[in-house]
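Below is one structure; the comments refer to it alone.
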Amino acid sequence: MLTKAPKGTKDILPGQVYKWQYVENVFREACSRYVFKEIRTPVFEHTELFARGVGDTTDIVEKQMYTFEDYGKRSITLKPEGTSPVVRAFVEHKLYADVQPSKYFYIIPCFRYEKPQSGRLREFHQMGIEVFGTNNMMADAEVIGFASDFLASLGIKELELRINSIGCPKCRETYREVLRDFLKDKYDGLCDTCKGRYDRNPMRILDCKSETCQALVQGAPYMLDHLCDECKDAFSDLKTNLDAMEIEYIVDPGIVRGLDYYTKTAFEFVSNKIGAQGTVCGGGRYDHLIEQIGGPEVPGVGFGLGIERLLLLMEATELEIPEQENLDVFIAALGDRAKKYGLKLMRDLRNDGIKAEMDSLGRNIKGQFKYADRLHAKYTIVIGDDELDQNTVSIKDMRTSTQKQVPIEDIQKEVRE
RNA sequence: GUGGGUGUAGUCAAGCGGUUAAGACACAGGGUUGUGGCUCCUGCACUCGUGGGUUCGAAUCCCAUCACCCACCCCA
């Protein structure tokens, strides 16, 4: 147990970390071009934030949060998602006083108590963006377009964009009635949780995990078919914008976001190449979240993108991720005098911007060359008594196996080439 | 929460009730008392996830347990 990471967590090892850095860098660059600014919020928040923001009838809040009491008797929860904390910071620091809309991005770990499987972990990582302060469907199209372009810039193709509208509180109330009506004579068959949901939030019944509920819900009416005029117009606006941007999509009325705060636009980028958990990126609009947690009436729209799933997808489609460069110089030193000299030389080279390494395990010359080879050194500098006496070193080009004597004062110059 | 699969060295893996648990890669050392990648040699599991049981005898059969993987569901 001591030497085992907790279930559902993964170490990102030194040999793999360049992949993370790569996608994060590409994301940061995209954010810069799309003019999104990074925001960093705490790993944990007051539990109440998520109960209110995500919704206390959601699976996430009901059974997936890592919640604990701290020593000051506060109920604390590890972030299960990225949007609520950003909204909290936006309200707390009155960022709505800045020029609007506000555009933020973040790269964060999220925590949900789930049963792990391919593409689903208990600690996972998201890159996300949020746009606060505009109702205009241009923002929704921008957010979707961002995701689409970012994914494309990684070389990812064959992702399917699915969009839907899940309405606003107004039309949703109507829809709830339609749904209650549909479920009325099925009520007795529902599980206990869903009996409670029937009054509070019948939409949640649609994604209950109980098999009996699943069966009862077959053939239920779609939200998309019961939108109010405003939402209907918004959805058609969105489609027009996406068409204008030449972004392909399919309308999927089955998309029901598992977070209560979503309104109107809901979308997903889905792959069929990484197993059952195919949603690489998901998001939508949340017009009342900010007031819901005590802020002004400011609408928002954004997405979350799963880094682990992104990497799974890139691996599945055999996309090349540029690896870090090799070692420039290995210093093979023989004898104490040479080692002292090498230590100083290594430091000078490093300070000069050159990637340099030497042996610290007391390997013999052959071992040191072998080590240099393993490190993929471009050059190996050999320093021994002979060289020191003559004020030279040997520099060997590891690719061509050619070697030459170089005066000590010319090392830097020689290595630069 | 429900179901399925797998567990032999760092990794991949043979073994399928009977003397010392194949092999490959990796790793370490050596073949030259100052030169790598190739090659050759040597070393590297008192033990087969763990705990019980059956048996003269178990990595091999049974039970339990744990871990990992996958799927349902949900989502990133």
Side-chain angles (χ1 to χ4, degrees), chain A residues 1 3-10 13 15 54 58-60 62-64 79-83 107-128 147 191 193 204 206-215 217 254-259 262 266-271 274-284 302-313 330 332-335 338 359 361 363-387 393-403:
Chain A
M1 194 167 173
T3 55
K4 188 89 191 63
K7 194 184 186 76
T9 67
K10 278 214 159 51
L13 299 174
V54 175
T58 59
D59 272 9
I60 292 177
E62 279 185 337
K63 41 196 173 188
Q64 299 187 330
K79 277 182 191 170
E81 59 100 31
T83 302
I107 301 177
I108 56 165
C110 290
F111 306 87
R112 292 183 202 170
Y113 189 82
E114 298 231 40
K115 191 152 175 186
Q117 71 185 73
S118 180
R120 193 167 75 183
L121 295 164
R122 290 183 177 175
E123 183 195 29
F124 62 101
H125 297 79
Q126 281 194 7
M127 303 189 288
C191 72
T193 317
R204 289 261 74 81
L206 295 182
D207 49 53
C208 177
K209 296 196 174 187
S210 141
E211 283 176 24
T212 52
C213 293
Q214 279 300 306
V217 141
I255 296 179
V256 184
R257 308 259 77 203
L259 295 82
Y262 283 112
F267 66 89
E268 295 181 346
F269 285 84
V270 185
S271 162
I274 56 172
Q277 308 304 314
T279 303
V280 173
C281 174
F303 70 69
L305 195 152
I307 302 182
E308 284 85 354
R309 289 184 188 177
L310 184 63
L311 259 18
L312 276 179
L313 178 60
F330 183 85
L334 299 152
D359 164 69
L361 293 182
R363 280 181 253 245
N364 59 22
I365 184 66
K366 179 178 172 140
Q368 292 194 47
F369 263 92
K370 207 164 184 174
Y371 182 36
D373 191 54
R374 297 292 314 276
L375 297 178
H376 304 114
K378 292 187 193 116
Y379 296 94
T380 297
I381 295 179
V382 183
I383 313 168
D385 289 340
D386 297 352
E387 282 83 358
V393 297
S394 301
I395 296 181
K396 180 168 183 176
D397 183 325
M398 297 298 274
R399 311 200 92 184
T400 61
S401 283
T402 54
Q403 188 162 337

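Order of the sequence lines sets the chain letters (A, B, ...), proteins ahead of strands, with each chain counted from 1.
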Q.
Quick one, A:Glu81 and A:Ile60 - any side-chain contact, counting heavy atoms below 4.5 Å?
A. no

Q.
Do A:Thr380 and A:Asp373 make a side-chain contact, defined as non-hydrogen atoms from C-beta onward lying under 4.5 Å apart?
A.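 Sidechains of A:Asp373 and A:Thr380: no contact.
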
Q. Can you name the closest pair of heavy atoms from A:Lys79 and A:Ile108 and give their distance?
A.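 Where A:Lys79 meets A:Ile108 most closely, the heavy atoms are NZ-CG2, 3.4 Å.
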
Q) Where do A:Lys396 and A:Gln403 come nearest, in terms of heavy atoms and distance? A) CD-OE1, 3.6 Å

Q) Can you tell me how far CE of A:Met398 sits from OG1 of A:Thr400, rounded to the nearest 0.5 angstrom? A)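 Going from OG1 on A:Thr400 over to CE on A:Met398, the span is 10.0 Å.
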
No-H, no-angle donor-acceptor pair, [X] side chain to [N] base, under 3.5 Å:
{"X": "A:Thr380", "N": "B:rG36", "answer": "no"}
{"X": "A:Gln277", "N": "B:rC74", "answer": "yes"}
{"X": "A:Asp373", "N": "B:rG37", "answer": "no"}
{"X": "A:Lys396", "N": "B:rG36", "answer": "yes"}
{"X": "A:Gln403", "N": "B:rU35", "answer": "yes"}

Provide the Watson-Crick or G-U wobble partner of [N], both distances under 3.5 Å; none if there is no partner.
{"N": "B:rC38", "result": "none"}
{"N": "B:rG23", "result": "B:rC12"}
{"N": "B:rC72", "result": "B:rG1"}
{"N": "B:rA64", "result": "B:rU50"}

[atom1] of [X] versus [atom2] of [N]: gap in Å, rounded?
{"X": "A:Lys10", "N": "B:rA67", "atom1": "NZ", "atom2": "C1'", "value": "13 Å"}
{"X": "A:Arg120", "N": "B:rC73", "atom1": "CZ", "atom2": "P", "value": "11 Å"}
{"X": "A:Ile381", "N": "B:rG36", "atom1": "CD1", "atom2": "P", "value": "18 Å"}
{"X": "A:Gln126", "N": "B:rA76", "atom1": "CD", "atom2": "C1'", "value": "5 Å"}
{"X": "A:Ile255", "N": "B:rC74", "atom1": "CD1", "atom2": "P", "value": "13 Å"}
{"X": "A:Lys79", "N": "B:rA76", "atom1": "NZ", "atom2": "C1'", "value": "14 Å"}
{"X": "A:Ile365", "N": "B:rG29", "atom1": "CD1", "atom2": "P", "value": "14 Å"}
{"X": "A:Asp359", "N": "B:rG36", "atom1": "CG", "atom2": "P", "value": "15 Å"}

Q | side-chain contact (heavy atoms from CB on, under 4.5 Å) between A:Val280 and A:Ile274, worked out | A | CA-CA 9 Å; A:Val280 173; A:Ile274 56 172; 4.0 Å; yes

Between [N] and [M], how far apart are the two [atom1] atoms, rounded to whole Å?
{"N": "B:rC61", "M": "B:rC48", "atom1": "C1'", "result": "15 Å"}
{"N": "B:rA24", "M": "B:rC44", "atom1": "C1'", "result": "14 Å"}
{"N": "B:rA26", "M": "B:rG51", "atom1": "P", "result": "33 Å"}
{"N": "B:rG15", "M": "B:rA59", "atom1": "C1'", "result": "8 Å"}
{"N": "B:rG36", "M": "B:rG29", "atom1": "P", "result": "14 Å"}
{"N": "B:rG4", "M": "B:rA9", "atom1": "C1'", "result": "29 Å"}
{"N": "B:rC38", "M": "B:rC25", "atom1": "P", "result": "11 Å"}
{"N": "B:rG10", "M": "B:rC74", "atom1": "C1'", "result": "36 Å"}

Side chain of [X] only, heavy atoms from C-beta on: which candidate in [options] is closest?
{"X": "A:Asp386", "options": "B:rC74, B:rG34, B:rC68", "value": "B:rG34"}
{"X": "A:Lys115", "options": "B:rC74, B:rU35, B:rA71", "value": "B:rA71"}
{"X": "A:Arg363", "options": "B:rU35, B:rC74, B:rA28", "value": "B:rA28"}
{"X": "A:Ser118", "options": "B:rA76, B:rA71, B:rU35", "value": "B:rA71"}

Q: For A:Phe330 and A:Asp359, run side-chain contact (heavy atoms from CB on, under 4.5 Å): C-alpha distance rounded to whole Å, both residues' side-chain angles, the deciding distance at 0.1 Å, then the answer.
A: CA-CA 8 Å; A:Phe330 183 85; A:Asp359 164 69; 4.1 Å; yes

(Q) Quick check, does A:Tyr371 stack with B:rG36? I mean ring centres under 5.5 Å and planes off by under 30°. (A)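 It does not: the two rings, one from A:Tyr371 and one from B:rG36, miss the stacking criterion.
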
Below the 4.0 Å mark, does [N] have OP1 or OP2 next to a side-chain nitrogen or oxygen of [X]?
{"X": "A:Lys370", "N": "B:rC38", "value": "no"}
{"X": "A:Lys366", "N": "B:rG30", "value": "no"}
{"X": "A:Asn364", "N": "B:rG30", "value": "yes"}
{"X": "A:Gln117", "N": "B:rA71", "value": "yes"}
{"X": "A:Thr279", "N": "B:rC75", "value": "no"}

What contact category does [X] fall into here, base, sugar-phosphate, or nothing, at under 4.0 angstrom with non-hydrogen atoms?
{"X": "A:Glu387", "result": "base"}
{"X": "A:Cys110", "result": "nothing"}
{"X": "A:Gly119", "result": "base"}
{"X": "A:Leu259", "result": "sugar-phosphate"}

(Q) Checking side chain to side chain donor-acceptor pair (under 3.5 Å) between A:Glu308 and each of A:Arg120, A:Lys10, A:His125, which is the one that passes? (A)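 Result: among A:Arg120, A:Lys10, A:His125, A:His125 is the only option passing the side chain to side chain donor-acceptor pair (under 3.5 Å) with A:Glu308.
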
Q | Stepwise side-chain contact (heavy atoms from CB on, under 4.5 Å) check, A:Met127 with A:Leu310 | A | CA-CA 10 Å; A:Met127 303 189 288; A:Leu310 184 63; 3.9 Å; yes

**Q.** 5′-ward residue of the pair A:Tyr113/A:Asp397 relative to RNA chain B
**A.** A:Tyr113

Q.
Need to verify one output field. Residue with the more 5' nearest nucleotide on RNA chain B, A:Ala377 or A:Ile307?
A.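 This one resolves to A:Ala377.
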
